[in-house]
Amino acid sequence: MNSLDPRVLRLPKVGEPGIIQPKVPLDQFGSFEVFVQPKEGKPFQHEGIVHSPNIELAYVLAKETFTRRFTCTSLYVVETRNVFVSILTDGNKNAYDFITVVPPSGEKEGYEVYHLQKRGKQHVHVGGVKAGGPEEAMSMAKLAFHTDGIYNVWTIRQSDIRFTKPEELDLWMTLPEKRFRDAADYKGGDKLKNFLEKQKAVS
Amino acid sequence: MYGGGNTFESVKTDSVAKEDPAKLAEFEARIARSEKIEPADWMPELYRKQLIRMIEQHGHSEIIGALPEGTWITRAPGFKRKMALMAKVQDEVGHAQLLYSAAETLGKSREQMINDLITGKSKYSNIFNYPTFTWADCCFISWLVDAGAIVNQLANAKGSYGPYCRALDRICAEESFHLKYGHHCVIYLAAGTAKQRQMFQEALNRWWPPMMHFFGPSDKISTHTEVLMRWKVKMGTNDEMRNQFLDMYVPKIRELGFTIPDPNLKKNTETNKWEYTEPDWEEFKRVINGDGPCNKERLEVRRIAEERGTWVREALRSPTTAYVTPLA
C-alpha cells in the first residue's frame, strides 16, 4: 500500500485487501432505542438508536452519539425489542382507535407511554400507566391519554429502561475550555477585513 | 458533514410498474402532501432500495472522509487547530453512526453495510479518493468539501423519509462549527505569508476538479431521476446543486484573492446559471470504479481497523441482547 502517511504505512499486515472475514451474528451487537430530554422540564423524546453489547454501554454510547453540544439535559435507553408498538396510522385515523381495552390482570408494573403526534417528528413521552402486561399498558394508555391526531403509540416497561441516575447529571457539565467546538469562537471577520483593506491599498 | 444526495450507480426504474397501483397512489399522495414516510409504512421496492443506497453511501462517506482529514490531526498547526480538527473528525464518525442507523430502519444490517464498503460493493463520496498533500488540502476539505455537503444535505433534510430527515437535522445542528472553522483556517492562510497563500492556491488547483465532480455527473449524461425527484428521494438535480454551491462559494474564494483554476468559470447573467469547463467525467468514472490515487489506501485502512477490532467485539459480544430493526 502506498501512502503519504507514515502511520498508515506502519499498520500491521492483517488479512487480504478487499476480503473481509465473514461476520458472526451480533458482530455489531444488539440495538437500543435512545430517548433524550432536550431541556429541563421538557418531555423526553425518541432520538435514535445505538448498537451495544449491553444496556450500560448503550447508555454511554447514547451519551456520546446523541447529547453533544448542550442539546440535552438527560437521557435513557431501552432495548429495541422491549418497546411495544401500536399500528402506524395516517390521515384522520387515530392509532388509539385500533387498540382494544382489555380487562386488568396480573401484578401491576409501571409503563412509560409515547405518542407520535406529527409524522416526520419524534415520539414524545406523555406519561406513565400501571398495568399487568404490555397489552394492558396500551389499553391503560388509551384510557388515560386518548386525544386527537395520534399516529402511533409506544409503551415501555419502566424496569426495562436504563434511566439517568441523579448522581450522573454532571455528565453534561462541559469544561469552559471546550470553546473550540463553538461556531462563535471562529471570528475571522477582522482578519479578513484587514487583509482586504491591505490588498486594496496595494492595488 | 461530507456527502449525501448522490448515489453512484445507475437507477433501474422497471420495478415500479410491478407495484400495486392503489398502494403506490396512496404513497405518492402522502409525499405530495409533504408528509414523511416512516419505516412501518408501505413503500415501493425502488424507493427502499434507492434510499438504502443513498443513506448507506452517505454514512460511508463520513467514515472514509474522516481519513484524509484525520491524518492531519497530529500535524495541524497549533494546539487549538489540533483540538478543533479532532472534534470535527469525531463528529463526522458520529454522523456515520446516525446515518447507518437510519439506513438500518429500511432493513439492511450494519454488518452487511460494513462488508459492502470493504469489498468495494458500495461507494462513497469520490472526492476522498484524492490525497491531502499539505495542511492547505486539509483546509480545503474542512471549508469547501463540507460546504458542498451542506448544500446537498440541507436539500435532503426536506426529503420524504422520516428517519433520514431526522438524522440530517441532528447532523446539521452539530455542524455549525465545521464550516466556520474551515473558513477561519483558509482566511489565516490567505492573510498569511506569500508561501501560505501559495500553499492554498496549489490546494485549490488540485481540488477544484474533484470538487466539480462532487455533485455527480452533469444532468446531460446523468441517469433519469424524475421518479426519485417526485418521491423526494432526490431534492435537486446534480447541476442544480453544483450551481448553488458555485453561487455561494465562488465569491468567497475570490474575495480572498485566490484564482479558481477554470478560465471559463463565469455566471451567465441571463440564465443566472454558472458556466464552466465541462468536468472530466471519464476521470470521475474511472476513480469511482476503483482507479483513483487513494481508493486502495482508504479501503485498506478501513478494513484493517475492522479486522483489528474483531477481538474487542468478540470479547464484548453478549448473547443476552438481540438485534431488532430500529423503530424510527
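This one's a predicted model, so the numbers in the text were calculated from it and none came from an experiment. Labels below follow one simple rule: chain letters A, B, ... track the order of the sequence lines, proteins then strands, and each chain is numbered from 1.
In this structure, the portion of Leu11(A) lying under 4.5 Å from any heavy atom of chain B is its side chain and not its backbone. Only the side chain of Glu79(A) comes within contact range of chain B, with at least one heavy atom under 4.5 Å from a heavy atom of that chain.
Between atom CZ of residue Phe180(A) and atom CG of residue Leu85(B) there is a gap of 11.0 Å, rounded to the nearest 0.5 Å. Interatomic distance, Ile20(A) CD1 to Leu299(B) CG, rounded to the nearest 0.5 Å: 10.5 Å. To the nearest 0.5 Å, atom CG of residue Asp27(A) and atom CZ of residue Arg313(B) are 4.0 Å apart.
Residues of residues 83-92 of chain A lying under 4.5 angstrom from chain B, judged on non-hydrogen atoms, are Val83(A), Val85(A), Leu88(A), Asp90(A) by number. Interface residues of residues 29-36 of chain A toward chain B, defined by a heavy-atom distance below 4.5 Å and sorted by number: Phe29(A), Gly30(A), Ser31(A), Phe32(A), Glu33(A). Using a 4.5 Å cut-off between non-hydrogen atoms, the part of residues 40-53 of chain A that approaches chain B consists of His46(A), Glu47(A), Ile49(A), His51(A), Ser52(A), Pro53(A).
Note: Tyr181(B) and Tyr186(A) have perpendicular aromatic rings, judged against thresholds of 30 and 60 degrees for the angle between ring planes.
Note: Ala191(B) leads Gly162(B), Ala167(B), Ala191(B), Gly94(B) in heavy-atom pairs under 4.5 Å with chain A. Your options are Ser160(B), Ala328(B), Cys165(B), and the one with the most heavy-atom pairs under 4.5 Å with chain A is Ala328(B).
Each of Glu297(B), Glu300(B), Arg298(B), Lys296(B) was evaluated against Ser3(A); a single residue qualifies, Glu297(B), per the side-chain hydrogen bond (donor to acceptor under 3.5 Å, both in side chains) test.
For the residue pair Ser318(B) and Asn54(A), no side-chain donor N or O sits within less than 3.5 Å of a side-chain acceptor on the partner. Gln97(B) and Thr65(A) are not linked by any side-chain donor-acceptor pair at a separation below 3.5 angstrom, with hydrogens and angles left out of the test.
Using a distance-only test at 3.5 Å, with no hydrogens or angles considered, a donor-acceptor pair links the side chain of Arg303(B) to the main chain of Glu16(A).
Screening residues 189-203 of chain A for salt bridge (Lys or Arg N to Asp or Glu O under 4.0 Å), with sequence neighbours left out, gives no hits.
The side-chain heavy atoms of Ile114(B) and Lys23(A), taken from C-beta on, include a pair separated by under 4.5 Å.
Between Asp182(A) and Lys180(B) there is no salt bridge, since none of the side-chain N atoms of the basic residue sits less than 4.0 Å from a carboxylate O of the acidic one.
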